[in-house]
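Quick notes on the structure that follows.
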2 protein chains.
Amino acid sequence: MAKRPADPANGNEPAARQVVPMRDFSRSLPMSLLRAREAVMRQFRPSLREHGLTEQQWRILRALAAIEAAEVTELARTAFLLGPSLSRILRDLEARNLIERKTAKADLRRSMVSISKEGVKLMASVAPSSEAIYAEITQRFGARKLAELQEMLGELEQSLAELGAGEEASAEE
Amino acid sequence: MAKRPADPANGNEPAARQVVPMRDFSRSLPMSLLRAREAVMRQFRPSLREHGLTEQQWRILRALAAIEAAEVTELARTAFLLGPSLSRILRDLEARNLIERKTAKADLRRSMVSISKEGVKLMASVAPSSEAIYAEITQRFGARKLAELQEMLGELEQSLAELGAGEEASAEE
DNA sequence: GGGAGATACTTAACATGTTAAGTGAATGCG
DNA sequence: CGCATTCACTTAACATGTTAAGTATCTCCC
C-alpha cells in the first residue's frame, strides 16, 4: 500500500476532496426547503405529540374538518399524502374512532371518509395551541414576509408543475 | 339533540363541517414548504433513481465529496439527517463500497467517514444531470427570485432557531 | 352482455423519519 | 484509582415515504 503519499495533518487518507464539481451543498434549494420546513415543524410537533397525533394524522383531521366527507383519493390530494400512506393512517384513525368510513352506494370502489365526533373533539383540543404557535411564527418572521414567502413558494410550485407534466422522454420504459 | 339537522343534499351525516375554526389548511406554511420541496425533488428523483441512489444517500455523498473525512455526528449535521437514519444509510453505503469508515485512533467512539473511489466515480456520473436539472429549475423560476427565496428561507430558519432553543417550559418532564 | 382496460383503493416491500433505549468508550471528580 | 456521568454512535420499534403489485369494481366498446 504504498499507494498514497503520507498525509501531513492526520493519519487518514481521504479518497477525494472536491473531486466532483458541484454547488455548495448546504445552499441547494432542496436543502433550504427541508431545513425551513423542519424549523417550522419542530415548533408544532411537541404539541401534536401531547395529543397523540403525528403531523400526517393532524393533516388528515384538518382536511376532514373543513368538509363533510371526502373520497380517499380526494383526501390524499388535499392532505398531500400518497395513497399507501393514507390507507395505513386511515386504518389507524378509524381504529381510534377519530374518523368514519362508509362505502359509496353508487360506486362500491369508493369510500367516503368523514371526521367523527371524537375527532372533532380532539381537534378542538389541539387547535388553540396550534393556532398560537402559528401566530408566534407569524409574528417572529413578519406577517408580510410570510405572505411573500408563501407567494414565492406557490410560484415555484407552478413553475415546476409544468415541467414535470409532459416529459417522460429519457429512460422510461 | 337532535344534535344535527338533517342533511339536505345526500344521505350521509357528516359529524362536522368546519366545527373547529382554523386557517385554510392548504395555505399553511408547513404545507407550502412541503409542496414546494416535493415539486423540486420530483425533478431530481428519477435521475437519482437511475443511478440507484435515494435522495438521502445522495446528500451524504455530496457532503462527503467536499471534505476529506467527517465524524458521523458532523456528517449528520451537514446532510441534515438524524443519527439513526445516518447509521443505517452508512451501513448500506459501506456495503456497496461507496464510502469508507475507520475508527479514530484518539477516540475509539468516533468513526471517520470518507467517500471511496467508487463513490467519487458514482458521483461524477450523477452530477451532470443533477446540475442540469438545477439549472433548468433556476431558469424557469428565475435566478434572482431563487436567490430571494433562499434568503427568506434562511431568515425563517433563523427566526425559529432562537425560538426552539431556550424554551422547554410547558409539558416537559 | 361479456371481456379488455381503466379506476379506486389496499397490500407488500423496502428506505427513511422519529423517539427511546442500548453499548462501549472517554471524562471528571471524590 | 474507581465509578458515575457524559459522549458517540448503534439498535430497536413504530410511523411514514415511495414504488410496485394485487383486488375488487366499473366502463366501454364489440
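Keep in mind it's a predicted model, so treat the numbers as computed, not measured. Both backbone and side-chain heavy atoms feed into the values below; hydrogens, waters and symmetry mates do not. Each chain gets a letter, A, B and so on, in the order its sequence line appears, and its residues count up from 1.
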Charged N to carboxylate O below 4.0 Å: is that the case for Glu38(B) and Arg45(B)?
-> yes
Between the CG atom in Leu93(A) and the CZ atom in Arg88(A), the distance rounded to the nearest 0.5 Å is 12.5 Å
Expected output: side-chain Ser116(A) to main-chain Leu98(A) donor-acceptor under 3.5 Å:
yes
Of Asp107(A) and Glu38(A), the one whose closest nucleotide on DNA chain C sits nearer the 5' end is Asp107(A)
Quick one: is dT16(D) close enough that its OP1 or OP2 comes under 4.0 Å of any side-chain N or O from Gln57(A)?
yes
Asp92(A) atom CG is separated from dT11(C) atom P, nearest whole Å, by 11 Å
When rounded to whole Å, the CG to C1' distance for the pair Leu34(A) and dT18(C) reads 14 Å
Taking 4.0 Å as the cut-off, does a side-chain nitrogen or oxygen of Thr73(A) come that near to OP1 or OP2 on dT7(C)? no
Phosphate oxygens OP1/OP2 of dT18(C): is one of them under 4.0 Å from a side-chain N or O of Arg45(A)?
-> yes
Within residues 76-85 of chain A, those residues having any heavy atom closer than 4.0 Å to DNA chain C are Pro84(A)
Taken to the nearest whole Å, NZ/Lys105(B) to P/dA25(C) is 16 Å
Practice prompt. Check every strand shown and say whether Leu86(A) touches a base, only sugar-phosphate, or nothing at a heavy-atom separation below 4.0 Å.
Written response: nothing
Students should find that the hydrophobic cluster of Phe25(A), defined by side-chain heavy atoms under 4.5 Å apart, otherwise consists of Met31(A), Leu34(A), Phe80(B)
In whole angstroms, the gap separating C1' of dA15(C) from CG of Leu53(B) amounts to 13 Å
In whole angstroms, the gap separating P of dT18(C) from CE of Met41(A) amounts to 9 Å
Comparing Arg88(A) with Ala106(A), nearest DNA chain D nucleotide closer to 5' gives the residue Arg88(A)
Considering only heavy side-chain atoms of Arg109(B), the closest of dT10(D), dT18(C), dA25(C) is dA25(C)
Whole-Å distance, Glu74(A) CD to dC9(C) C1', equals 15 Å
- Will you find, in the side chains of Ser47(B) and Ser129(B), an N or O donor that is under 3.5 Å from an N or O acceptor? yes
Query raised in the report: Taking NZ, NE, NH1 and NH2 as the nitrogens, is one of them in Arg140(A) or Glu136(A) under 4.0 Å from a carboxylate oxygen of the other?
Result: yes
Notebook entry, point to check: OP1 or OP2 of dA15(D) less than 4.0 angstrom from a side-chain nitrogen or oxygen of Arg59(A), does that happen here?
Noted result: no
side-chain hydrogen bond (donor to acceptor under 3.5 Å, both in side chains) filter on Arg109(A), not counting sequence neighbours, yields Asp107(A)
From the candidates dA15(C), dT18(C), dC26(D), the one with an atom nearest any side-chain atom of Thr54(B) is dA15(C)
note: Ile89(A), atom CD1; dT18(C), atom P; distance rounded to Å ~ 14 Å
Over all strands shown, is Arg91(B) touching base, sugar-phosphate only, or nothing at heavy-atom distances under 4.0 angstrom? nothing
- Message: dT10(D), OP1 or OP2 - any side-chain N/O from Arg110(B) closer than 4.0 Å?
- Response: no
Of dT18(C), dA8(D), dT10(D), the nucleotide closest to the side chain of Arg101(B) is dT10(D)
So NZ of Lys145(B) and CE of Met152(B): to nearest 0.5 Å the spacing works out to 12.5 Å
Against the side chain of Leu108(A), the closest entry in dG17(D), dC26(D), dT10(D) is dC26(D)
note: Arg49(A), atom CZ; dG17(C), atom P; distance rounded to Å ~ 17 Å
Whether Gln56(B) contacts dG17(C) is assessed here as follows: a side-chain N or O lying under 4.0 Å from the phosphate OP1 or OP2. Is that the case? yes
